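First the structure, in the form of C-alpha cells, and then the observations on it.
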Amino acid sequence: MDYKNTYTHLFNTDDYSIHNIDELRYQISKEFIKKNGIQNMVDIGSGRGVLLDLLSKENPNLKILSTDLSKFHDLNFDFKEIDLSNKETFFTTETKFQVLTCLDVLEHLEKHCIDDVFKWFSEISENQILTIANHSEILHGKEIHLIQENMNYWGPLVSKYFDIVSQEERVFPTHLGTKNYLYILITKSKK
C-alpha cells in the first residue's frame, strides 16, 4: 500500500478525519498528561493536529513532537516525517519521551508492521496512549482500516512490549446499523 499518497489524498478532502475535541480519546489523553505532569511527548500520526491544538491550549509549556507521513496541519510544533510501515524512517532519541500518543493510527497499518512499531514505541517512550478502531472504514472506495481485530489480537501484541495500565472498550452505533469499536489503552513500557 502506498500510505503517503493515500493519506495525502485523504487529508486533502473535506470528509476525512474530522474530529471533535470532546471525543473520549482526546479527553483521556488530556487528563493523563495533566494528572502526570507530563512535560514532553510525541504524537504519532498527528493528522490535522486536533490533539496537538487541544493540548497546547491546556498546557502551553508542554513540549510536543508531531509526526506523520506528511505535515497535514499548520500548527507550530517540531515535526518529523515518519512512515510506520517503514522502520527505516523511525528515529532514535537519547532520552525517552514521557508519553507517546497514537490515536486511531494502528488499524491503518498492515499486520506485519505492528511488532516493529510497538518495539520502537517502547524504545522512545515511557508511557503510551493508544486508541485502536476495530471496524471497516471505506473512503473513496478504499478500505483504510487494514486491521480489523479485537483485543484477542491486540492484547498479546501490546503485552509483548508494554504493561497495560488501563483498558477501555467503547461501542458506537453507526447510521448503517453496524457498530464501531474503539479500544483505548494506557500502557507503560516494560523495563
Side-chain angles (χ1 to χ4, degrees), residues 3-86 89-109 113 117-118 120-133 137 139 144-145 162 165-166 168 170 172 182-189:
Y3 289 95
K4 189 167 186 174
N5 284 336
T6 297
Y7 288 95
T8 298
H9 171 73
L10 288 173
F11 276 108
N12 284 319
T13 63
D14 291 336
D15 61 343
Y16 180 66
S17 193
I18 306 300
H19 299 284
N20 180 320
I21 62 169
D22 294 327
E23 291 179 21
L24 185 62
R25 59 186 155 204
Y26 299 128
Q27 294 306 310
I28 285 175
S29 298
K30 179 179 85 170
E31 289 169 20
F32 180 89
I33 287 164
K34 182 178 181 179
K35 178 182 171 189
N36 293 287
I38 301 297
Q39 307 215 353
N40 69 68
M41 64 169 286
V42 58
D43 183 47
I44 306 292
S46 297
R48 292 199 166 127
V50 174
L51 177 65
L52 305 178
D53 193 39
L54 171 66
L55 294 176
S56 67
K57 288 176 180 169
E58 295 280 330
N59 308 289
N61 296 322
L62 178 63
K63 185 175 179 189
I64 301 172
L65 175 62
S66 169
T67 71
D68 214 320
L69 293 163
S70 286
K71 192 171 182 189
F72 300 116
H73 59 77
D74 60 1
L75 301 170
N76 188 24
F77 294 101
D78 289 339
F79 177 82
K80 283 195 184 270
E81 189 173 299
I82 61 163
D83 177 349
L84 292 178
S85 69
N86 178 0
T89 68
F90 297 176
F91 56 86
T92 59
T93 126
E94 289 184 27
T95 58
K96 287 186 174 187
F97 291 96
Q98 290 177 289
V99 71
L100 172 150
T101 53
C102 184
L103 309 183
D104 294 1
V105 174
L106 297 168
E107 66 271 13
H108 295 266
L109 300 174
C113 302
V117 168
F118 282 167
W120 179 55
F121 284 5
S122 72
E123 291 169 356
I124 66 167
S125 65
E126 297 171 13
N127 303 285
Q128 303 74 30
I129 301 171
L130 311 171
T131 64
I132 307 166
E137 185 164 353
L139 286 171
I144 62 170
H145 285 182
F162 315 111
V165 176
S166 167
E168 290 189 48
R170 296 289 185 204
F172 303 93
L182 180 67
Y183 306 112
I184 303 167
L185 304 170
I186 296 177
T187 63
K188 187 165 196 58
S189 292

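Position 1 is the first residue of the sequence, and the numbers go up from there. On a predicted model such as this, the values are computed, not experimentally measured, just so you know.
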How long is the span from the CD1 atom in I44 to the OG1 atom in T101, to the nearest 0.5 Å? 7.5 Å
Of all heavy-atom pairs linking M41 and L55, the shortest is SD-CD1, 3.5 Å
Using the test ring pair (Phe, Tyr, Trp, His ring centres under 6.0 Å), find all partners of F79 that sit at least two apart in sequence or belong to another chain. none
Between the main-chain N or O of D83 and the side-chain N or O of T89, is there a donor-acceptor pair closer than 3.5 Å? yes
Working to the nearest 0.5 Å, report the span between CD1 of I28 and CD1 of I184. 4.0 Å
Does some side-chain heavy atom of I38 sit less than 4.5 Å from a side-chain heavy atom of L62? yes
Has the side chain of Q98 got a donor or acceptor atom that lies under 3.5 Å from a matching backbone atom of Q39? yes
Rounded to the nearest 0.5 Å, how far apart are CG of L52 and OH of Y26? 9.5 Å
Between F121 and T187, does a side-chain contact (heavy atoms from CB on, under 4.5 Å) hold up when you go through it step by step? CA-CA 11 Å; F121 284 5; T187 63; over 6 Å; no
Nearest-0.5 Å distance that lies between atom NZ in K188 and atom OG in S125: 9.5 Å
Out of K80, H73, K71, which one pairs with S66 under the side-chain hydrogen bond (donor to acceptor under 3.5 Å, both in side chains) rule? H73
Considering non-hydrogen atoms only, spot the tightest contact between L103 and S29 and give its length. CD1-OG, 3.9 Å
In Å and rounded to the nearest 0.5 Å, what is the CG to CG distance from L130 to L185? 5.5 Å
Show the nearest heavy-atom pair for residues S189 and Q128, with the distance to one decimal. OG-NE2, 2.8 Å
In terms of relative ring orientation, are W120 and F90 parallel, tilted or perpendicular, with 30° and 60° separating the classes? parallel
Less than 4.5 Å apart, any side-chain heavy atom of N36 and any of V99? no
Show, in sequence, the C-alpha distance, side-chain angles and deciding distance for L65 and F91, and conclude whether the side-chain contact (heavy atoms from CB on, under 4.5 Å) test is met. CA-CA 12 Å; L65 175 62; F91 56 86; 3.6 Å; yes
Side chains of S46 and F72 in contact at under 4.5 Å (non-hydrogen atoms): no
Judged by atom type as modelled, is there a donor-acceptor pair below 3.5 Å linking the side chain of D53 to the main-chain atoms of G49? no
Show the nearest heavy-atom pair for residues E107 and I132, with the distance to one decimal. OE1-CA, 3.6 Å
Looking at L109, D68, T67, L69, which one forms a side chain to side chain contact (heavy atoms under 4.5 Å, CB included) with L84? L109
Please round to the nearest 0.5 Å and tell me the distance separating atom CG of L100 and atom CD of E123. 12.0 Å
